[in-house]
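Below is one structure; the comments refer to it alone.
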Protein chains: 2
Amino acid sequence: MSASLGAPQGVPTLTDVARVAGVSLATADRVVNRRAGVRPATIARVEAAVAALGFERHAGAADLARRVRHRVTAVLPSGGNPFMRRLGEELSRAARLLGARRLDLTLAAAETLRPTRLAEAIEAAAGLSDAVVAVGLDDPLVAAAIDAAAARGVPVITLVSDVPGSRRSRYVGIDNRAAGRVAGSLVGRFLGPEPAEVAVLLGSRALRDHRDRLDGFAAVLGERFPHLRLAGVWEGEDDPVRARAAVAELLAAHPRIAAVYSAGAGNVGLARALEDAGSQACVVAHELTAETRPLIERGAVDALIAQDAGHEARSALRLALAQLSGTRIDESQERIRIEILLRDNLPEA
Amino acid sequence: MSASLGAPQGVPTLTDVARVAGVSLATADRVVNRRAGVRPATIARVEAAVAALGFERHAGAADLARRVRHRVTAVLPSGGNPFMRRLGEELSRAARLLGARRLDLTLAAAETLRPTRLAEAIEAAAGLSDAVVAVGLDDPLVAAAIDAAAARGVPVITLVSDVPGSRRSRYVGIDNRAAGRVAGSLVGRFLGPEPAEVAVLLGSRALRDHRDRLDGFAAVLGERFPHLRLAGVWEGEDDPVRARAAVAELLAAHPRIAAVYSAGAGNVGLARALEDAGSQACVVAHELTAETRPLIERGAVDALIAQDAGHEARSALRLALAQLSGTRIDESQERIRIEILLRDNLPEA
DNA sequence: CTGTTAGCGCATTCAT
DNA sequence: ATGAATGCGCTAACAG
């Protein structure tokens, strides 16, 4: 048995469509690209031809003919924890591969944690670009900046951290509440049925994604592992030094902590504090970076919840390009997975 | 701060290269595409120009100019468990999206478990195609067929299941030993520190990937969870009915089994047998399919180890195309991940 | 409103 | 061994 795909003799072209519809190439192009100025009757004829032939436009050829270069700028946090730096690199790589000829990527750094600054950065980016990709922040000022850009016709794609109330055209990133749930399940399963105390280390409660993760984590504990008590939530500001201090304090107050869910960054500090205190607590943290890899390899971290920076970067740029040139995309390819990494399934590099 | 990428004024074209090198477009093309018949001195000049300008060829334009269509056929198991069927669908989708104009995909079914049949199918496919993608089998006959195809200039890409000794040009799939290790870690962590008995359910020992998974699983238990004893290894032939029977027998002999690692298919049967016996055993299985999704959702399966069929399909086809047209690829994009799925991070669809 | 025409960057004959 | 010319499928002026 064997099934064949694709037209055997060659895929229909716009010229074919034009011929079948009895119009010129230009007119066919107009209706296919939904450009104005065609009589309804003509539109109908062309659309019939498109349907009859199963025409789909050749993206490569369209690309070639359309000489415009799209300028997109990506706004990333200036401080830059390892994951964010990685994201920047991957955006550059993706730009080179995906749209060498159509895409001018500009990387812009901004204090994405301060609403005013982020909003300014987005506005500035929208001024110079056809589309902007930005690591978001859940704040009205930021939402306003995004809405303003959108109103001007500059689509904004949020990356890694969404801006819920805004008119961003897409969000590329994981569902952070679900990520928190995954962390909760892992901790619940790893600890077993005995009552125990667990703690959460956040970067900051001001960060929407961290709050979402905490919510998801707490929800699972409540639903499925009621014998686990959330003894405390600390903030380490995504910084190793402060994280270490926060955790030290935490352990002093609750020496029996059996597990820590680290929803932010600064995990080296967390690990050190645990070692200092001689704690055997189970640790679940986020993102695979140069910082966390050694930790999971030597067992200081038990599991990592990760998102693939390369995939996110490609996806964001693909979506921006699709948006700008009216191409269709394969939704299933753009779904960002919540990955669970144990030391046994760490990717090579 | 902001960094810009890509030449501001327009990316260099082959024509630019030719001009700078002082040769014609055709000659530039010859060296860029490593075609024969160019004097070494000329090659050097063109390559210098390429380097100086940072030329990279425009894939879209190349696509357009090259009118050849590549025929690739994919050889999949005829029986077809849900995962394999999914793989077929994803190959079709990928073919449509990736190479609508350059790629004729033919899906061929074969009894991939019988070396003779698989070898025949691969030979037949190689006869009609420019490249073949096949779900492999670790057998000398199959390896021979692959080597013969390769010798004829038809590259063979193994998918999901590799053929180690052969000259396949690439293997697209997960590291099954690592997958087994992941399963072992999960079971080890889920069960906790008390001594317990665990069992493994295989499709068949004849399948290389199942054996690899078993090896990895056993290795982790030995290294990190010595208090867990592997009470038995059963074969369910990837079939729900036989799996159920095998597991029933297993439970009769070892009623205290605390966990089962199912390295093959037929998981509905496994779940039913466990329910019949009133066993609360922890279950780790493979692949997210219409069959396993309900199981993990209702808790009959605790974790799933999965590979993304869509990603694998796209990767295999991308590699085939790259091979056939001498394009370069982004290795990091082709790495197939071992995914760990809990009910909290199941993809939507 | 609709048609004609000239390329986009590259691979490919066909000459030389 | 090298060059000139043609066209892939499509978009974008520019004419009517």
When you measure from the side-chain N and O atoms of [X] to the phosphate of [N], is any distance below 4.0 Å, counting only OP1 and OP2?
X: Thr42(B); N: dA1(D); result: no
X: Arg35(A); N: dA12(D); result: yes
X: Arg57(B); N: dG9(C); result: no
X: Arg39(A); N: dT2(C); result: yes

Between the side chains of Arg335(A) and Glu348(B), is the shortest nitrogen-to-carboxylate-oxygen separation below 4.0 Å, so that they form an ion pair?
no
For dG3(D), does the base pair up with any side-chain atom of Arg30(B) as donor and acceptor (N or O, under 3.5 Å, distance only)?
yes
Please round to the nearest 0.5 Å and tell me the distance separating atom CZ of Arg96(B) and atom CG of Leu103(B).
11.5 Å
At what distance, to the nearest 0.5 angstrom, does CG of Leu105(B) lie from CZ of Arg93(B)?
13.5 Å
How is [X] classified with respect to the nucleic acid when contacts are heavy atoms under 4.0 Å: base, sugar-phosphate, or nothing?
X: Val23(B); value: sugar-phosphate
X: Ala26(A); value: base
X: Asp63(A); value: nothing

Rounded distance in Å - [atom1] ([X]) to [atom2] ([N]):
X: Arg66(A); N: dG9(D); atom1: CZ; atom2: C1'; answer: 12 Å
X: Leu53(B); N: dG9(C); atom1: CG; atom2: C1'; answer: 15 Å
X: Leu25(A); N: dT4(C); atom1: CG; atom2: P; answer: 10 Å

